Amino acid sequence: MSEISITVDGVAVNVAADQKPTQIFSERKDVVVCKVNGELRDLWSDLAAGDVVESVTISSPEGLAVLRHSTAHVMAQAVQSIFSGTRLGIGPPITDGFYYDFDPERPFNPDDFEKIESAMRKIIKDGQRFKRRITTESDALKELAHEPYKCELIGLKSGAGDEASVEVGGSELTIYDNLGRDGQPVWSDLCRGPHLPSTKHIPAFKLMRSAAAYWRGSEKNPMLQRIYGTAWPTQEELTAHLELLAEAEKRDHRRLGNELDLFSFPEEIGSGLAVFHPKGGIIRRAMEDYSRIRHEEEGYEFVYSPHLTKAALFETSGHLDWYSEGMYPPMILDEEHHPDGTIKKAGQQYYMKPMNCPFHNLIFRARGRSYRELPLRLFEFGTVYRYEKSGVMHGLTRARGFTQDDAHIYCTKEQMPAELDSLLTFVLNLLRDYGLNDFYLELSTRNPEKSVGDDKDWTEATEALRKAAEAQKLQLVLDEGGAAFYGPKISVQAKDAIGRTWQMSTIQVDFQLPQRFELEYSAADGTRQRPVMIHRALFGSIERFFGVLTEHYSGAFPPWLAPMQAVGIPVADAFADYLADVISQMKKAGIRAELDASDDRMQKKVRNAQMQKIPFMVIAGEEDQKAGAVSFRYRNGEQKNGIPIAQAIAEIKEAVSKRIQV
RNA sequence: GCCUCCCUAGCUCAGUGGUAGAGCAACGCACUUGUAAUGCGUAGGUCGUCAGUUCAAUCCUGACGGGGGGCUCCA
């Protein structure tokens with residue numbers, strides 16, 4: 001047998017000419033695929049002299065994707081074995097798992113999951129080998145005649161650039177056969193691959209949920225049934241993932257909003273319209289108050305604008321042209337009719353505002369502006385109404401009525417870079433004050449197909465944004481062509497306590513509105529110039545930020561935001577008067593404190609306070625009373641005994657004023 | 001908007017083609033000594049709304065409203 005020279009993980013070796021990576025890596029159980037000359041390939045691939053082979057382990061990002069994609073195949077095989085009339089869509093890996101789209105004879109229900117999972121376990125136990133087979137378009141169409149969606153993909157192959165490329169991308173059209181114990185194919189699927197060597201390399205998986213999805217992501221296409229699953233290199237990692245999901249569910253702001261009596265969405269008001277209850281109101285006001293103070297310090301001026309406006313304003317701004325779908329329909333006022341019902345006098349159309357910027361532009365335009373006034377920073381907690389499609393609402397994070405912490409900055413072109421730089425610093429520091437610490441930035445650049453403004457302006461603005469972003473020393477992700485048509489933007493993405501990413505602030509340069517509103521200022525040389533306009537929201541919406549913080553803190557807000565900062569719990573009734581005095585001193589010191597004077601037992605009071613996630617439980621019994629002290633119990637169960645009253649008050653006040661978590 | 005599942009007491013949820021139950025919360029009474037549930041009792045619901053089928057509907061059908069999970073969308 002002749003030998004060939006290849007490179008394996010950087011080491012030159014000679015191997016038999018018919019050696020496959022399966023054999024080369026046979027001692028390394030964690031290697032599930034490999035790269036040959038930089039391209040991801042099955043371990044069953046043939047090798048040629050001079051090939052550079054690199055191992056890819058199951059835990060690497062690429063290995064995980066392959067694991068999950070292979071698990072999707074196993075699921076599809078299981079589904080077709082149980083529901084024989086089911087047609088296949090596509091089945092790519094996604095973050096943490098995979099899905100496969102099916103066109104079944106009836107929708108799946110949760111009971112089906114058990115059947116499918118047990119069929120999958122059997123396939124995994126069988127150790128079916130994934131075998132790659134190159135085919136031609138005409139052969140594939142013949143073989144897959146009973147799979148209309150696959151045939152459509154084959155037809156699309158030339159132009160594939162979307163998800164479909166998982167199935168048919170790459171230079172060759174390939175089918176993967178799953179080989180049974182006898183080496184004969186038991187199931188096949190059109191697929192680019194690569195795959196695990198065999199189904200027995202799937203260590204841990206679980207089907208998560210079924211849902212509908214449009215075929216190839218278009219509303220115009222038929223709905224398929226999608227089953228989501230997750231797959232991991234070890235059972236432990238699967239368990240950890242499921243625990244994370246359970247944790248996320250416990251933190252869900254909609255659930256906590258109810259449990260902690262923060263807000264609700266009364267059906268009578270309408271979908272996506274929240275009311276804040278007193279406790280939620282305290283949190284919200286604390287959030288707003290602090291933001292207001294910081295904005296004042298940064299040179300913002302506070303303005304107010306109405307919730308309603310005549311149509312003309314949104315005609316000027318252009319919103320009615322390209323955004324009317326997202327607006328509540330107009331109210332028509334003062335319309336008069338003839339007796340036959342025809343219109344005698346046309347009415348006035350009024351709209352709820354979906355944005356604040358046109359109002360701020362009118363404030364700018366209310367009188368002549370001088371360059372000396374710039375940058376002019378107009379800030380408003382502006383409540384806007386957007387008619388979101390019914391299916392997209394999600395608690396406070398996606399609502400129909402919400403309040404933006406909205407500001408518009410009008411400055412000269414020369415001022416723009418410095419303004420963007422200080423603005424981004426301000427944004428990030430403010431978010432840090434609210435307890436978010438882990439950020440990355442996204443820069444959205446021009447889509448030349450769909451944009452207004454001249455090249456030079458775009459380049460200048462984009463570079464200014466980029467420099468401001470780079471100065472922050474944070475990870476910067478480029479969103480090429482992702483900008484809105486009217487200007488480039490930076491968005492701040494924040495990670496919460498359990499690692500989920502939320503889009504928070506946006507800073508957007510606008511070339512469109514200053515022109516549409518004919519905004520001008522007088523420059524030093526007496527000429528009239530058009531200002532640069534920057535839109536920015538730090539929280540995005542207060543409601544949404546409220547929801548994000550609720551989930552970030554899991555409802556256990558830091559004292560400065562907590563609706564109740566301290567609750568007094570007497571060990572027994574006899575100490576209630578003593579503690580009542582302590583609590584009243586705390587109230588005088590500006591602390592949100594109450595005495596729990598109910599006739600529950602102490603243990604019950606502790607439990608109640610714990611469930612309300614109150615940061616300081618102030619407990620007093622005989623020992624404390626004798627010493628003129630109190631005891632703290634914190635939310636983590638720790639306690640501190642015999643704290644003199646003055647010191648206890650000072651500790652709470654310090655936690656509040658320094659905005660630290662306890 | 002589309003697919004799918006759901007809506008029973010303030011909350012979490014049982015349940016039945018013959019108009020309903022539990023736990024917690026609320027209220028009352030008694031109890032009260034050190035860090036996550038004291039006991040007993042009382043009250044509370046046109047079973048989301050409106051139609052239809054039926055001798056009879058909370059239960060079956062449909063429409064509407066609200067919600068969950070996705071898809072699409074998020075200027």
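Since the model is a prediction, treat every value here as computed from it, not as a measurement. What's counted below: heavy atoms across the whole structure, side chains too, no hydrogens, waters or symmetry copies.
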So what does [X] hit on the nucleic acid, given a heavy-atom distance under 4.0 Å: a base, only sugar-phosphate, or nothing?
X         : result
Gly540(A) : nothing
Ala213(A) : sugar-phosphate
Ser390(A) : base
Gly326(A) : nothing
His394(A) : sugar-phosphate
Arg254(A) : sugar-phosphate

Next on the checklist: Under a plain distance cut-off of 3.5 Å, with no hydrogens placed, do His277(A) and Ser264(A) share a side-chain donor-acceptor pair?
Outcome noted: yes
Checklist entry - Is the closest side-chain donor-acceptor distance between Trp215(A) and Asp101(A) under 3.5 Å? => result no
Give the rounded distance in Å between these two atoms: [atom1] of [X] and [atom2] of [N].
X         : N       : atom1 : atom2 : result
Arg398(A) : rG1(B)  : CZ    : P     : 14 Å
Asn258(A) : rC24(B) : CG    : P     : 19 Å
Leu245(A) : rG69(B) : CG    : C1'   : 13 Å
Asp103(A) : rC71(B) : CG    : P     : 18 Å

Next on the checklist: Can you tell me whether the side chain of Arg216(A) and the base of rC71(B) have a donor-acceptor pair closer than 3.5 Å?
Outcome noted: no
Checklist entry - Quick one: does Tyr214(A) reach the base of rG1(B) with a side-chain donor-acceptor pair under 3.5 Å? => result yes
Item to check | Identified side-chain hydrogen bond (donor to acceptor under 3.5 Å, both in side chains) counterpart of His408(A) within the set His535(A), Arg536(A), Glu380(A) | outcome: His535(A)
Checklist entry - Is the shortest side-chain N to carboxylate O distance from Glu388(A) to Arg398(A) below 4.0 Å? => result yes
Checklist outcome for this item: side chain to side chain contact (heavy atoms under 4.5 Å, CB included) filter on Arg607(A), not counting sequence neighbours, yields Met611(A)
Any donor-acceptor pair under 3.5 Å linking the side chain of [X] with the backbone of [Y]?
X         : Y         : result
Arg226(A) : Tyr99(A)  : no
Asp600(A) : Lys604(A) : no
Arg68(A)  : Ala231(A) : yes

What distance, rounded to whole Å, do you find between the two [atom1] atoms, one in [N] and one in [M]?
N       : M       : atom1 : answer
rA22(B) : rA63(B) : C1'   : 34 Å
rA36(B) : rG62(B) : C1'   : 49 Å
rA43(B) : rG48(B) : C1'   : 24 Å
rU46(B) : rG41(B) : P     : 26 Å
rG65(B) : rC31(B) : C1'   : 48 Å
rC27(B) : rG70(B) : P     : 38 Å
rG68(B) : rU8(B)  : P     : 14 Å

Next on the checklist: By nearest atom, which of the nucleotides rG70(B), rG1(B), rG65(B) is closest to the Lys389(A) side chain?
Outcome noted: rG1(B)
Next on the checklist: Here's a test of your reading of the structure: between Phe402(A) and Ala211(A), which maps to the more 5' nucleotide of RNA chain B?
Outcome noted: Ala211(A)
Next on the checklist: Across nucleotides 29-39 of chain B, 5' to 3', mark each nucleotide with B, S or - according to how protein heavy atoms within less than 4.0 Å reach it.
Outcome noted: --BBBBBBBB-
Item to check | salt bridge (charged side-chain N to carboxylate O under 4.0 Å, His left out) between Lys640(A) and Glu651(A), intermediate numbers included | outcome: CA-CA 12 Å; Lys640(A) 205 193 282 182; Glu651(A) 177 175 334; 2.9 Å; yes
Checklist entry - Given pairs defined as Watson-Crick or G-U wobble with both distances under 3.5 Å, what dot-bracket annotation applies to RNA chain B, with ( ) intrastrand, [ ] crossing, | other strand and . unpaired? => result (((((((..((((....[..)))).(((((.......))))).....(((((..]....))))))))))))....
Next on the checklist: Looking only at the aromatic ring of each residue, does the gap between the centers of Phe545(A) and Trp502(A) stay below 6.0 angstrom?
Outcome noted: no
Checklist entry - Does Tyr228(A) place a side-chain N or O at less than 4.0 Å from the phosphate oxygens OP1/OP2 of rC71(B)? => result yes
Next on the checklist: Does a side-chain N or O of Arg209(A) approach OP1 or OP2 of rG70(B) to a distance below 4.0 Å, or not?
Outcome noted: yes
Checklist entry - In terms of ring plane angle, is the pair Phe546(A) and Phe263(A) parallel, tilted or perpendicular, where the classes change at 30° and 60°? => result perpendicular
